[in-house]
Amino acid sequence: MAGETPLFSTKQRILGAAEDLFARHGFAGASLRQVTTAANVNLAAVNYHFGSKDNLIEEVFRRRLDELNARRMAALRRATARPGTQLEDVLAAFIKPALELSRDRGGGSAFVRVLARAYAEHNDRLRKFLSDNYGHVLKEFAAAFARLLPHMDKEELYWRLDIVAGALTYAMADFGVIKRRSGQSERDYRERAAQHLIRFAAAGLKAP
């Protein structure tokens with residue numbers, strides 16, 4: 001891209017190549033040598049920018065999740081600042097930015113597969129990284145839900161939120177049987193998916 005410094009473009013090229021390879025082969029299955037080949041850089045460049053494979057994995061997540069969770073938190077603040085906040089408003093703040101990321105043509109679908117790998121692979125360091133850096137976001141949303149569901153036991157609320165997050169991950173990965181119709185825009189399909197998921201999640205959270 002015009003105006004980019006070589007330093008910036010090299011780092012982003014490495015992150016893009018790593019994201020794609022981790023999505024296809026997993027964290028253990030993709031080697032740094034494969035990353036350097038795909039990014040057309042040498043190993044020294046990876047070591048210079050990231051220091052280790054573990055750090056590279058973390059930066060792949062940070063590149064997407066920092067922006068995603070900033071958008072979620074901004075949406076949550078807007079939703080809770082309005083009088084008469086509804087459960088569906090808070091769910092929309094949590095769900096819609098994630099679905100937008102998953103449909104991002106700039107590698108969003110690959111990142112969703114990387115995210116699924118994080119759930120599937122038992123990587124304690126990665127789980128700690130995600131918890132330490134992004135666990136506060138779930139806590140903020142849980143607090144907002146708790147205010148709207150004051151009679152619900154905290155443990156029960158977290159069980160239900162865990163199930164909502166699982167349904168969201170499934171929707172982000174586009175595993176479902178309902179696919180975008182011919183002639184339907186990506187934006188319309190994403191909006192309909194969000195509406196269905198918000199209604200479903202709200203019903204689950206409100207259930208006795």
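Every heavy atom of this structure was used, including side-chain atoms; hydrogens, water molecules and symmetry mates were not. For this chain, numbers begin at 1 and follow the sequence in order.
- In this structure, the side chains of Leu76 and Val137 stay at 4.5 Å or more apart for every pair of heavy atoms.
- Evaluation of the salt bridge (charged side-chain N to carboxylate O under 4.0 Å, His left out) rule for Arg33 yields no partner, not counting sequence neighbours.
- Minimum heavy-atom separation, Ala118 to Leu126: CB-CD2, 3.9 Å.
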Original post:
side-chain contact (heavy atoms from CB on, under 4.5 Å) between Leu148 and Leu205: does it pass, once the steps are laid out?
Top reply: CA-CA 10 Å; Leu148 294 166; Leu205 289 172; over 6 Å; no
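- Contact detail for Leu157 and Met152: the closest heavy-atom pair is CA-SD, 3.6 Å.
- Hydrophobic clustering of Ile, Leu, Val, Met, Phe, Trp and Tyr side chains at less than 4.5 Å, counting indirect connections, keeps Phe145 apart from Leu138.
- Nearest heavy-atom pair across Leu99 and Ala193 is CD1-C, 4.2 Å.
- In this structure, CG on Leu68 lies 10.0 Å from OG on Ser102, to the nearest 0.5 angstrom.
- Leu149 and Tyr158 are members of different hydrophobic clusters when ILVMFWY side chains are connected at heavy-atom separations under 4.5 Å.
- With respect to the salt-bridge test (charged N to carboxylate O, under 4.0 angstrom), the residues Arg199 and Glu88 do not qualify.
- Of all non-hydrogen atoms in Lys53 and Ala30, the two that sit nearest each other are NZ-O, 2.6 Å.
- At a threshold of 4.5 Å between non-hydrogen side-chain atoms, the residues Phe129 and Asp54 do not count as touching.
- Between Leu161 atom CG and Lys139 atom NZ the span is 13.5 Å, to the nearest 0.5 Å.
- The backbone N or O of Leu43 lies less than 3.5 Å from no partner atom in the side chain of Thr36, so there is not a single donor-acceptor pair.
- A 4.5 Å side-chain heavy-atom check between Arg113 and Glu19 finds every atom pair outside the cut-off.
- How far CZ of Arg117 is from CG of Leu115: 12.5 Å, rounded to the nearest 0.5 Å.
- Side-chain contact between Phe50 and Glu58 is absent, with no heavy atoms from C-beta onward closer than 4.5 Å.
- Closest of all the heavy-atom pairs between Leu87 and Ala202 is CD2-O, 3.9 Å.
- Interatomic distance, Arg160 CZ to Asp162 CG, rounded to the nearest 0.5 Å: 13.0 Å.
- Scanning for salt bridge (charged side-chain N to carboxylate O under 4.0 Å, His left out) contacts around Arg190 gives an empty result, with sequence neighbours left out.
- Panel note: side chain Asn42, backbone Ala45; a donor-acceptor pair is recorded below 3.5 Å.
- The two residues Phe111 and Val60 make their nearest non-hydrogen contact at CE1-O, 3.9 Å.
- Using the six-membered ring where Trp is involved, Phe27 and Phe61 have ring planes that are tilted, between 30° and 60° apart.
- His136 has its side chain out of reach of Asn69: every pair of non-hydrogen atoms, C-beta onward, lies at least 4.5 Å apart.
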**OP:** Take Arg72 and Glu140 through the test side-chain contact (heavy atoms from CB on, under 4.5 Å) and record every step on the way to the result.
**Re:** CA-CA 10 Å; Arg72 276 175 159 167; Glu140 290 279 353; over 6 Å; no
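- With a 4.5 Å cut-off on side-chain heavy atoms, Tyr134 and Asp66 count as touching.
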Subject >> Test log, rule side-chain contact (heavy atoms from CB on, under 4.5 Å), inputs Leu168 and Phe94 >> reply: CA-CA 9 Å; Leu168 174 57; Phe94 186 71; 3.7 Å; yes
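- Rounding to the nearest 0.5 angstrom, the gap separating the CZ atom in Arg192 from the CG atom in Leu197 is 14.0 Å.
- A heavy-atom distance below 4.5 Å is found between the side chains of Leu15 and Gln12.
- A search for salt bridge (charged side-chain N to carboxylate O under 4.0 Å, His left out) contacts involving Arg24 returns Asp20, not counting sequence neighbours.
- Distance check: Arg147 CZ to Thr80 OG1 gives 6.5 Å after rounding to the nearest 0.5 Å.
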